[in-house]
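What follows is a short report on a single structure.
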Amino acid sequence: MLKTYNPSDIAPPFGHYDHGVEAVNVSRLLHVSGQIGVEPDGTVPDDVAAQIECVWRNIEAVLADAGMTTANVVRTITYMLDADYVPLLAAARKRHLGADHKAASTTIVVAGLVRPGWKVEIDAVAVA
């Protein structure tokens, strides 16, 4: 069970996330390494929206392999090359997590990722 925290004495979340998420009575904790927009065949789409979708498909594949879904995600950290990606990232996050599930979130603009061409990386924490 997840309990969320959005105290009234601080500003509300700026997007589709909660300020705090507590996992109550869980027995499994999964850390999903940073996933990037690399397709199963090793190709990297040029388009950032396509990379974001690929990132989420990769996260979902790791979760599924562990017998979990995005409903189990309690936290994400997103690294991106450009703040202009925020609307695309926010829409994808809401689409993949679902309108009623938000999770805790941190988003960081970085100068670069490990390989040229990578535009977004997201890691996640899930509980069951």
Side-chain angles (χ1 to χ4, degrees):
M1 179 180 158
L2 303 179
K3 184 174 180 182
T4 60
Y5 297 92
N6 293 297
S8 61
D9 55 343
I10 65 174
F14 295 103
H16 191 72
Y17 66 93
D18 289 307
H19 282 302
V21 179
E22 180 181 11
V24 181
N25 298 322
V26 299
S27 60
R28 297 177 59 213
L29 176 66
L30 173 66
H31 290 267
V32 179
S33 293
Q35 297 298 306
I36 34 75
V38 176
E39 299 288 352
D41 65 2
T43 61
V44 178
D46 288 330
D47 179 65
V48 69
Q51 282 194 29
I52 292 167
E53 285 305 309
C54 182
V55 166
W56 277 104
R57 284 193 309 271
N58 292 343
I59 290 170
E60 289 168 339
V62 174
L63 292 167
D65 205 40
M68 297 183 188
T69 70
T70 56
N72 297 98
V73 173
V74 295
R75 177 169 177 63
T76 61
I77 301 175
T78 302
Y79 307 90
M80 62 185 174
L81 299 184
D82 192 323
D84 289 342
Y85 302 164
V86 168
L88 294 169
L89 285 159
R93 177 184 172 81
K94 190 171 188 176
R95 194 168 47 258
H96 288 273
L97 290 182
D100 295 329
H101 180 63
K102 295 184 246 180
S105 175
T106 300
T107 303
I108 304 166
V109 176
V110 296
L113 296 170
V114 172
R115 293 198 179 165
W118 294 356
K119 298 175 181 179
V120 173
E121 182 171 346
I122 302 174
D123 66 50
V125 176
V127 298

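The shown structure was predicted, so the numbers you read here are calculated from the model rather than taken from an experiment.
- Taking the side chain as every heavy atom from C-beta outward, V73 and L97 approach each other to under 4.5 Å.
- Qualifying side-chain contact (heavy atoms from CB on, under 4.5 Å) partners for V38, counting only residues two or more places apart in sequence or in other chains: I36, V44, W118.
- Partners of A50 under the side-chain contact (heavy atoms from CB on, under 4.5 Å) rule, at least two apart in sequence or in another chain, are P45, D47.
- In the hydrophobic clustering of ILVMFWY residues, with side-chain heavy atoms under 4.5 Å counting as a link, I108 and V114 come out together.
- Atom CE of M80 sits about 5.5 Å away from atom OG1 of T107, to the nearest 0.5 Å.
- N6 places none of its side-chain heavy atoms less than 4.5 Å from the side chain of P12.
- Without hydrogens or angle criteria, Q35 side chain to S33 main chain gives a donor-acceptor distance under 3.5 Å.
- In this structure, D9 places its CG atom where more than 12 heavy-atom neighbours from other residues, nucleotides or ligands lie under 6.0 Å away.
- Atom OH of Y5 has more than 12 heavy atoms from other residues, nucleotides or ligands within 6.0 Å.
- The closest side-chain donor-acceptor pair between T78 and R93, if any, does not fall under 3.5 angstrom.
- Looking only at side-chain heavy atoms (C-beta outward), V120 and Y79 stay at 4.5 Å or farther from each other.
- The CD atom of Q51 lies 15.5 Å from the CH2 atom of W56; values are rounded to the nearest 0.5 Å.
- The backbone N or O of V55 lies less than 3.5 Å from no partner atom in the side chain of E60, so there is not a single donor-acceptor pair.
- Between the side chain of R28 and the backbone N or O of A66 there is at least one donor-acceptor pair closer than 3.5 Å.
- When the side chains of ILVMFWY residues are joined at heavy-atom separations under 4.5 Å, either directly or via intervening members, M68 and V26 end up in two distinct hydrophobic clusters.
- Atom CD1 of I59 and atom SG of C54 lie 10.0 Å apart (nearest 0.5 Å).
- Neither V32 nor L29 shares a network with the other; the hydrophobic side chains, linked directly or stepwise wherever heavy atoms of I, L, V, M, F, W or Y lie under 4.5 Å apart, form separate groups for each.
- For the atom pair OG1 (T76) and CD1 (I122), the distance works out to 6.5 Å, reported to the nearest 0.5 Å.
- The distance from atom CG of L63 to atom CG of L30, rounded to the nearest 0.5 Å, is 6.0 Å.
- Contact annotation: the side chain of I77 approaches that of R75 to within less than 4.5 Å [non-hydrogen atoms, C-beta and beyond].
- In this view, K102 and H16, D18 satisfy the side-chain contact (heavy atoms from CB on, under 4.5 Å) rule, not counting sequence neighbours.
- In the displayed structure, D41 atom CG is contacted under 6.0 Å by more than 12 heavy atoms of other residues, nucleotides or ligands.
- Separation of atoms CG (L2) and CD (E22) is listed at 9.5 Å; rounding is to 0.5 Å.
- Here the closest heavy-atom approach between residue A23 and residue V127 is recorded as CB-CG2, 3.7 Å.
- With hydrophobic clusters built from ILVMFWY side chains whose heavy atoms lie under 4.5 angstrom apart, I52 shares a cluster with L113.
- K94 places no side-chain N or O within 3.5 Å of a backbone atom of L89 that could act as its donor or acceptor partner.
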